[in-house]
Amino acid sequence: MAPLIETQKLTRLYRLGDETVTALADVSLTVDAGEFVAVMGPSGSGKSTFMNVVGCLDRPTSGSYRLDGEEVSRLDADRLAAVRNRKIGFVFQQFHLLDRLDALSNVELPLIYAGADRRGRRERAAEALRRVGLGDRLHHRPTQLSGGQQQRVAVARALVNGPKVLLADEPTGALDSRTSLELMALFQELNREGVTVVIVTHEPDVARFAARVVRFRDGCVLSDARQRPADAAAELAALSAEKAEADAAAEAAA
Amino acid sequence: MTLLDAVLSALDALRLHKLRSALTMLGIVIGVAAVIAMIAVGGGARQQVVAQIRSLGANLLVVTPGNVTQSGVRLGAGAASTLTDEDAAAIMNEIPSVQVTAPFLRGGAQVVAGGANWATTIYAVDLGWFEAREWEVESGRLFEPEELSRGAQVAIIGQTVAANLFPGMDPIGETVRVRNVPFRIVGVMARKGQSSWGQDQDDVLFVPLVAGRQRVIGRNQANARAVGAIYVKVRDGESLSMAEADVKALLRQRHRLQPHQEDDFAVRNLAEIAATREASARTLALLLAAVAGVSLAVGGIGIMNIMLVSVTERTREIGLRLAIGARQRDILRQFLFEATGLAAIGGAVGVAFGMAAAYGTARWAGWPLLIEPGAIVLAVVFSGLVGIFFGWYPALRASRLDPIEALRHT
Ligand SMILES: Nc1ncnc2c1ncn2[C@@H]1O[C@H](COP(=O)(O)OP(=O)(O)O)[C@@H](O)[C@H]1O
Ligand SMILES: [Mg+2]
């Protein structure tokens, strides 16, 4: 079976006046369906550029990119939009929810552009929200939700159209450590259910939960290693138990 | 993205900034209101002129005392006493194309009968008046020649006066007091109804010319034979303009005017009055058209401005929409719909204001209210087009945004 993501000699140059910045240089990488990959590297190493190309938001200057067996590096803007809509689910650092819409309507947006009918749309959006544990927050607006909950709404929005891959660029960047852990537990759960996940992070603490870590430097792949992922759900449970114990101790002391 | 989704989404966005949307619409509101008022005023004025000619008869000349300028506008009434019933008799006798003349005076007065009183219009007339206006009595009779010549204190009343002074009674033979002078009622006119300009033509009381002039209306006139105006009815098939020239020549001769002197009277036919009215209606319409054009343009630029602001404010939203699968044309349509929605809602509100203004103008000027449904549809559609025209550039800018940069926008 062909890999889900397959790049060959992917290069992305930016021209700034007379200078040329090489954001990506000959990146050849494959990701199979069902993988959980963390992309790491120092700031400016090309992680976001890579994600943008993989997410079909950007086109490489040269090289080839096959997504789900289809060469997408030379598609026009409309075709790329269709690919993003059907095959990609994005999660951003800043959530990018529309404040004037409630959670359900936010999650519904990709389905609107997919041309789904109204009734099916709302049902599927509600289903996606239930899947990320927000079944009781359908009509809350983003401003009425915590940061962790907002990011879950964004995950639901990424999932709602049944994408081939979930792409998350620094998804925990705006979250505290506990909610980060919760989000990683959600990603792991989704991954167990079969969703392919690629996240960009510069935090080793977050990368622990991936089964594979790809390191970038200066636009090149520095290393690509598999690892035994930590279990976010278990750590979360341990954390809760610890907290319960501490609370009990505090109560006994008082 | 379906059309309905796009429309709902646009309305949603407009609702978010209610005040801003309302202010942005203002220019369009004023523009469309002006268009609607313009069409209604123009149509109403024309309608009125047509109706007036129909009600008075096209073959009627109106002779009034006083000077006229070249444009036909009456200036002062310095020589107001120059027109007499003898002039009327002369016109009748010496100009063959004239069927009948009707010298008359007109004034307002309070009339009293028993306990009831009523403010009405008094006409002091002779029999020619009824012939010129083609109006008959319903009960009783017209004035007798003998009553006219001796100035008998008899009166004929219109239906409205009859209904108000003598409710449920036969007025014939009853007495009314006009400015304290008693008149015996000999006739009641047939119902004529409202004139096209909203005046109740049945709210009227006729007295013989001599009696009216001596006892009611003309008491202060310097010339004892002066009249307020003369109707000249020209025979069917005769040229109105030739009759007009004949009347002018005759009156100049009778008034002993030297060639260098101006007329001390004015002869107008209804076609002329119609032309004057129409000219002023056209001026008003032109003015409104200018107001409409300017405010539609200003309104359109306002929409463009606010849409540019909106695109900048919502750059991240645009980026997000592009990222989740919106095509450029979806973004273009979204902003175009918002601009068009602003303009079309402004247009609808403008129609409402325009209709109110047209109604007010019609009431004030005594015109019939004339609003064509086609004009309303046209106005709303046109304002929508203004929205599309001025919304195009901001929408195009939105759709051309690069998703990555848009998402990074702060
Ligand atoms: N739009 C752009 N124009 C010019 N240079 C860019 C642009 N985007 C990224 N770069 C450059 O490309 C390189 C990689 O950037 P990026 O992929 O954002 O790195 P990372 O996400 O790993 O921090 C950096 O040197 C950055 O300055
Ligand atoms: Mg980055």
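Just the heavy atoms: all of them, side chains too, but no hydrogens, waters or symmetry mates, feed the values below. Chain letters run A, B, ... following the sequence lines, proteins first and then strands; every chain starts at 1.
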Enquirer: Which one of A:R79, A:R121, A:R86 has the most heavy-atom pairs closer than 4.5 Å to chain B?
Expert: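 Looking at each option in turn, the highest pair count goes to A:R121.
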Enquirer: Heavy-atom distance under 4.5 Å to chain A: side chain of B:R15, backbone, both or neither?
Expert: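 Neither; nothing under 4.5 Å.
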Enquirer: With a 4.5 angstrom heavy-atom cut-off, is it the side chain or the backbone of B:L4 that approaches chain A, or both, or neither?
Expert: side chain
Enquirer: How long is the span from the OG1 atom in A:T179 to the CE atom in A:M184, to the nearest 0.5 Å?
Expert: 12.5 Å
Enquirer: Contact part of A:I88 toward chain B, heavy-atom cut-off under 4.5 Å: side chain, backbone, both or neither?
Expert: neither
Enquirer: Name the option with the most non-hydrogen atom pairs under 4.5 Å to chain A; the candidates are B:R329, B:R316, B:Q328.
Expert: B:R316
Enquirer: Above 12 or not: heavy atoms from other molecules or residues under 6.0 Å from CG of A:D176?
Expert: yes
Enquirer: Taking side chain as everything from C-beta outward and backbone as N, CA, C, O, which of these in A:L109 sits under 4.5 Å from a heavy atom of chain B? Side chain, backbone, both or neither.
Expert: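 For A:L109, the contact with chain B is made by backbone and side chain together.
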Enquirer: Do the non-hydrogen side-chain atoms of A:F187 and A:V155 ever get within less than 4.5 Å of each other?
Expert: yes
Enquirer: Please determine whether a side-chain nitrogen of the Lys or Arg among B:E317 and A:R100 lies less than 4.0 Å from a carboxylate oxygen of the Asp or Glu.
Expert: yes
Enquirer: Within the structure provided, determine whether A:L166 and A:F90 are in side-chain contact (heavy-atom separation under 4.5 Å).
Expert: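 Not touching, per the 4.5 Å side-chain cut-off.
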